[in-house]
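Notes follow once the structure below has been shown.
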Amino acid sequence: MKRLLWRGLLVGATAAGVATWFSVETNAATAVKSNPPVIDLHDGGQRKLDRTSEILLYGVPDRGPSLKPYLNHALCFDQSRKVPIWVGEHLRADRLEGSAHRNHSNFQRDPSYPARFQSENSDYARSGYSRGHMSPAGNCKHDQQAMNDTFYLTNIVPQNYENNAGFWNRLEIYARQLAKRFDDVRIFTGPLFLPEQASDGKLYVRYDRKLVDFQVDIDLLERQAGIDFFPKLAAEKRQLKDLCRVDGCQLMSQKDFEQFFLLRRMSGAHNGSELERAWNEAVKLKLDAAPQVLSAYAEAKRRLESRRQG
C-alpha cells in the first residue's frame, strides 16, 4: 500500500482562510467505520449517567448532526457560523466526466438543516462576497444530483470573488488533475478564520502567492482547525510522503487558466453572439493568436453554421 500526503494547505479568501488537506493514494483501500462511544461504568460511572439523565431531562442541547452524507461529498456543518466545519471528498478519474451541468443547479438552503441555522442567498446580495463551493460542482459531472448537492448553502463559504473565480478555481482544477495521475484523491476543505496583521496594523488574508507558499505542517493545521484528519492514519502520518515534493503542486498559469475557460466558452457557444463575445475576450487577453484558440473559434463557427443551415 502506497500513500502520498500533502501535509496541509491554507488559502486566503479575504474573510477567512480556507484550508484544504489532501491525501493522495495509489492502490490503497480505506474502510470507513464509525467509532462507537466509550462509556466507563467504573469510578461511579453509573451514578454519573443517572445524574446526567436528570440534568438533561428535557433533551441534550443539539448542535446538529456531526456528519451529513451526500452523493459525492460529506460534511460537518457549523450551525453557529452557518458554514461547514469540513467537507470531505473522494476523487477518481472515472467520476470526473459526464453530462451533468451547473446550469441545471441552483444555490439553495439545505433541507437537512433548520433554516434559522443556515445562510440565505439574500445574505450574499451586494455583500461583496461570492458563494464559494467547498466541494466543487466540477467534481460531480458524472451525476446531476450529486452536482445539485454541492449547491446547498451548507457547502458554501463566503469568498472574495477574484479568489473564488481565480486562484481557488485553479486549485480545484489541480485537484482534478491529481485524480488523473493517482488512483484515489481524498480532500478535506473548510474555513479557518486566521488573518495576519500587516505593517499597517490591519488584518488581511492574502492569496496572491504560489501554491507551495500555503503549505503548512499537518500538526499546525490540525491544531488550528481542532480536527484530527484521518485518525486511522495517526501512526502513519509522519512517514507519509510530501505531495508537493512528489508532484510539484504546480497550478496552471494564469494565461493557461484564461485560455482554458475561453476554449470552453467557444465550444459551448449556443449562437454567433456568444461566440463573438468569447472571441472579443480572447483579443482583450491577447490570446487571439494562440493555435488552440484559433482552432476552437473556427470549429465553433463551423458547428454553428452547420446548425443554421440544417
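- The aromatic rings of His73 and Tyr70 lie parallel to each other, their planes meeting at an angle below 30°, with 60° marking the opposite boundary.
- Checked against Glu305 for a side chain to side chain donor-acceptor pair (under 3.5 Å), the options Lys301, Gln309, Arg302, Arg303 give a single hit: Gln309.
- Here the CZ-OG distance, from Arg81 to Ser119, works out to 14.5 Å after rounding to the nearest 0.5 Å.
- Ile85 is not listed as a side-chain neighbour of Phe77, based on a closest heavy-atom distance of 4.5 Å or more.
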Applying side-chain hydrogen bond (donor to acceptor under 3.5 Å, both in side chains) to Asn121 and Arg109, what does each step give before you reach the verdict? CA-CA 8 Å; Asn121 285 316; Arg109 288 202 301 257; over 6 Å; no

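- Contact of the Phe182 side chain with the Leu243 side chain is registered, since non-hydrogen atoms from C-beta on lie closer than 4.5 Å.
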Determine, step by step, whether Glu276 and Tyr297 satisfy the side-chain hydrogen bond (donor to acceptor under 3.5 Å, both in side chains) criterion, reporting the C-alpha distance in whole Å, the side-chain angles of both residues, the deciding distance to 0.1 Å, and the verdict. CA-CA 9 Å; Glu276 290 309 309; Tyr297 178 67; 2.7 Å; yes

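- For the pair Pro158/Arg131, no side-chain contact is recorded, criterion being any heavy-atom separation below 4.5 Å from C-beta on.
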Please lay out, stage by stage, how Asn139 and Glu172 fare under the test side-chain hydrogen bond (donor to acceptor under 3.5 Å, both in side chains). CA-CA 8 Å; Asn139 291 356; Glu172 293 173 345; over 6 Å; no

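- Note on Leu275: it clusters hydrophobically with Leu287, by side-chain heavy-atom contacts below 4.5 Å among ILVMFWY residues.
- Applying the salt bridge (Lys or Arg N to Asp or Glu O under 4.0 Å) test to every pair with at least one member in residues 250-261, sequence neighbours left out, gives no pairs at all.
- If you take CD on Gln108 and CD on Gln118, they are separated by 10.0 Å, rounding to the nearest 0.5 Å.
- A heavy-atom distance below 4.5 Å is found between the side chains of His133 and Asn155.
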Extract all donor-acceptor atom pairs below 3.5 Å that involve side chains of residues 143-153 and protein atoms in other chains or at least two apart in sequence.
unit_1, atom_1, unit_2, atom_2, d
Asp143, OD1, Gln145, N, 2.9
Asp143, OD1, Ala146, N, 2.9
Gln144, OE1, His101, N, 2.9
Gln144, NE2, His101, O, 3.2
Gln144, NE2, Ser105, OG, 3.3
Gln144, NE2, Asn148, OD1, 3.0
Gln145, NE2, Asp149, OD1, 3.0
Asn148, OD1, Ser105, OG, 2.6
Asp149, OD2, Leu71, N, 3.3
Thr150, OG1, Met147, O, 2.6

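- Counting only residues at least two apart or on different chains, the side chain to side chain donor-acceptor pair (under 3.5 Å) pairs with a member in residues 281-293 are Gln259-Gln292.
- Annotation: side chain of Asn164 is not in contact with side chain of Tyr129 (no heavy-atom distance under 4.5 Å).
- Going from atom SG of Cys76 over to atom NZ of Lys68 covers 12.5 Å, rounded to the nearest 0.5 Å.
- For Phe214 and Phe167, the ring centers are positioned less than 6.0 Å apart.
- Judged by distance alone, with hydrogens and angles left aside, the side-chain atoms of Thr52 form a donor-acceptor pair with the main-chain N or O of Lys48 at under 3.5 Å.
- Nearest heavy-atom pair across Phe229 and Glu222 is N-OE2, 3.0 Å.
- The distance from atom CZ of Arg51 to atom CG of Leu56, rounded to the nearest 0.5 Å, is 10.0 Å.
- Panel note: side chain Glu89, backbone Asn72; no donor-acceptor pair is recorded below 3.5 Å.
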